[in-house]
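A short worksheet on the structure shown next.
Lettering of chains follows the sequences in order, A, B, ..., and the numbering in each one begins at 1.
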Amino acid sequence: MSFIFGGQRPQPSKDEKFAMLDMEFETSTDIFTRMMGSCMKKCVLQNNKNFVEGELNKGESVCLDRCVAKFLASQQLMQKKMEEASKNGGGMMGM
Amino acid sequence: MNAPNLTQAEQQEYQQRMERKSIQMAILQFSRLTQQCFEPCVEDFTSKTLGSREEACLTKCFEKFHNGQTRIAQRFQENMAVITNNGQGGF
């Protein structure tokens with residue numbers, strides 16, 4: 001009970017710390033995988049019925065750059081909305 | 001979310017764990033890639049072997065995805081660095 005008598009916050013255990021890191025890792029991996037799927041579909045797959053070239057062409061490259069920026073911007077916007085919603089009385093999904 | 005402080009031993013242990021996870025992820029991504037390239041490239045089922053056109057298409061598709069993934073990963077990191085520096089935090 002050192003956190004009561006010692007006046008210090010308890011240090012999280014190793015398992016707790018790892019669990020936090022895992023959660024962060026899984027979240028960003030999930031976002032990355034989804035982004036990868038969407039951007040490849042929108043920028044590359046749609047225009048290649050038959051792959052004749054392995055290199056990304058100029059249009060595909062520019063499209064991917066913008067797609068990543070927009071996907072993350074969307075994610076940020078959603079996150080903000082989610083936070084607002086949860087402040088204003090419970091929010092959706094009970095978060 | 002703030003990253004917890006790890007001791008050196010914990011850091012090492014976690015690194016090993018991440019390496020195992022990365023391998024698992026690479027395998028999952030690989031099977032997804034096969035499907036993504038199979039769909040546009042292989043449509044003829046009058047034979048059970050891959051034709052030369054299908055093989056060429058799969059090869060180019062693989063390269064295309066590899067290049068795309070590399071580019072996306074790069075941009076992802078750059079964008080995340082900007083977001084984190086703006087003090088909006090990560091995810």
Side-chain angles (χ1 to χ4, degrees), chain A residues 11-57 60-80 82-83, chain B residues 1-7 9-11 13-18 21-22 24-26 28-29 32-33 35-37 39-43 53-84 86 88-91:
Chain A
Q11 285 296 308
S13 72
K14 190 187 82 181
D15 284 347
E16 283 167 346
K17 287 194 269 190
F18 279 15
M20 275 165 81
L21 289 171
D22 280 348
M23 204 157 84
E24 232 176 36
F25 178 80
E26 268 149 34
T27 312
S28 51
T29 308
D30 183 56
I31 289 168
F32 182 77
T33 319
R34 286 172 195 277
M35 183 182 68
M36 176 86 187
S38 288
C39 291
M40 284 306 280
K41 193 168 132 198
K42 285 178 188 287
C43 294
V44 178
L45 268 172
Q46 259 172 12
N47 316 311
N48 288 278
K49 187 78 193 87
N50 216 320
F51 287 84
V52 281
E53 187 56 58
E55 293 294 313
L56 294 171
N57 63 40
E60 289 165 344
S61 306
V62 173
C63 181
L64 285 180
D65 293 353
R66 292 174 181 158
C67 183
V68 171
K70 280 198 159 180
F71 193 98
L72 292 176
S74 308
Q75 154 72 25
Q76 291 286 310
L77 181 73
M78 292 305 193
Q79 198 172 334
K80 213 174 91 193
M82 195 68 174
E83 279 161 16
Chain B
M1 192 191 301
N2 291 322
N5 293 321
L6 297 186
T7 66
E10 286 171 346
Q11 241 172 47
E13 191 184 328
Y14 197 71
Q15 184 117 31
Q16 281 171 0
R17 193 166 146 152
M18 281 297 103
K21 264 207 171 127
S22 315
Q24 188 195 2
M25 267 173 48
L28 279 176
Q29 222 153 42
R32 214 174 289 134
L33 176 65
Q35 190 195 5
Q36 275 167 324
C37 289
E39 302 254 345
C41 289
V42 184
E43 281 180 323
R53 264 190 64 183
E54 288 169 338
E55 227 176 276
C57 181
L58 287 172
T59 308
K60 296 295 175 196
C61 181
F62 177 87
E63 286 169 22
K64 193 79 117 178
F65 265 85
H66 181 72
N67 289 326
Q69 185 173 2
T70 312
R71 195 175 184 98
I72 290 174
Q74 247 167 18
R75 296 291 167 273
F76 181 67
Q77 271 168 358
E78 289 167 9
N79 278 279
M80 284 306 292
V82 173
I83 290 170
T84 314
N86 284 347
Q88 296 170 24
F91 299 116

*About how many Å separate CD1 of B:I83 and CD of A:Q75, when rounded to the nearest 0.5 Å?*
8.0 Å

*Kindly indicate, with the supporting measurements, whether the criterion salt bridge (Lys or Arg N to Asp or Glu O under 4.0 Å) is fulfilled by B:R71 and A:E60.*
CA-CA 10 Å; B:R71 195 175 184 98; A:E60 289 165 344; over 6 Å; no

*Which pair of heavy atoms, one from A:E53 and one from B:K60, lies closest together, and at what distance?*
C-CD, 3.9 Å

*Side chain, backbone, both or neither: which part of A:F25 has a non-hydrogen atom closer than 4.5 Å to chain B?*
side chain

*Counting only heavy atoms not in B:Q11, do more than 12 fall under 6.0 Å of its CD?*
yes

*For A:S61, is it the side chain, the backbone, both, or neither that has a heavy atom closer than 4.5 Å to a heavy atom of chain B?*
both

*Residue pair B:E78, A:V68: steps toward the side chain to side chain contact (heavy atoms under 4.5 Å, CB included) verdict*: CA-CA 10 Å; B:E78 289 167 9; A:V68 171; over 6 Å; no

*Answer yes or no: does atom OH of B:Y14 have more than 12 heavy-atom neighbours from other residues, nucleotides or ligands under 6.0 Å?*
yes

*asked:* If I compare all heavy atoms of B:I72 with all of A:C39, which pair ends up nearest, and what's the gap?
replied: CD1-CB, 4.2 Å

_Steps toward side chain to side chain contact (heavy atoms under 4.5 Å, CB included) verdict (A:F51, B:T59)_ = CA-CA 8 Å; A:F51 287 84; B:T59 308; over 6 Å; no

*Name the region of B:E43, side chain, backbone, both or neither, that has any atom closer than 4.5 Å to a heavy atom of chain A.*
side chain

*So what's closer than 4.5 Å to chain B heavy atoms on A:L56: side chain, backbone, both or neither?*
both

*For the residue pair A:M36 and B:Q69, what are the closest heavy atoms and their distance?*
CE-CB, 3.2 Å

_One pair to check against side chain to side chain contact (heavy atoms under 4.5 Å, CB included): A:E55 and B:N67. What are the steps and the verdict?_
CA-CA 7 Å; A:E55 293 294 313; B:N67 289 326; 4.0 Å; yes

_For the backbone of B:C57 and the side chain of A:N50, can you confirm whether one donor and one acceptor N or O come within less than 3.5 Å of each other?_
no

*Under a 4.5 Å heavy-atom cutoff, which of B:C41, B:P40, B:C37 has the most pairs with chain A?*
B:P40

_Does B:K21 have more than 12 heavy atoms from other residues, nucleotides or ligands lying within 6.0 Å of its NZ?_
yes

*asked:* Holding to side chain to side chain contact (heavy atoms under 4.5 Å, CB included), I want the full list of residues that pass it with A:C63, two or more places apart in sequence or in another chain.
replied: A:C43

*Got more than 12 heavy atoms from elsewhere within 6.0 Å of CZ, B:R17?*
yes

*Mind checking whether A:T33 and B:R32 have side chains closer than 4.5 Å, heavy atoms only?*
yes

_Counting only non-hydrogen atoms closer than 4.5 Å, does B:F65 touch chain A with its backbone (N, CA, C, O), its side chain (CB onward), both, or neither?_
both

*asked:* Can you tell me how far apart CG (A:L45) and CD (B:Q36) are? Round to the nearest 0.5 Å.
replied: 6.0 Å

*Side chain, backbone, both or neither: which part of A:E26 has a heavy atom under 4.5 Å from chain B?*
side chain

*From A:I31 CD1 over to B:M80 CE, what is the distance, rounded to the nearest 0.5 angstrom?*
7.0 Å

_Let me confirm one number: the NZ-OG1 distance from A:K17 to B:T7, rounded to the nearest 0.5 Å._
5.5 Å

*How many angstroms lie between atom CD of B:Q77 and atom CZ of A:F32, to the nearest 0.5 angstrom?*
8.5 Å

*Among B:E10, B:E63, B:E54, B:E39, which residue forms the greatest number of heavy-atom pairs with chain A at distances under 4.5 Å?*
B:E10

*Value rounded to 0.5 Å, distance of CD in B:Q29 from OG1 in A:T29*: 9.5 Å

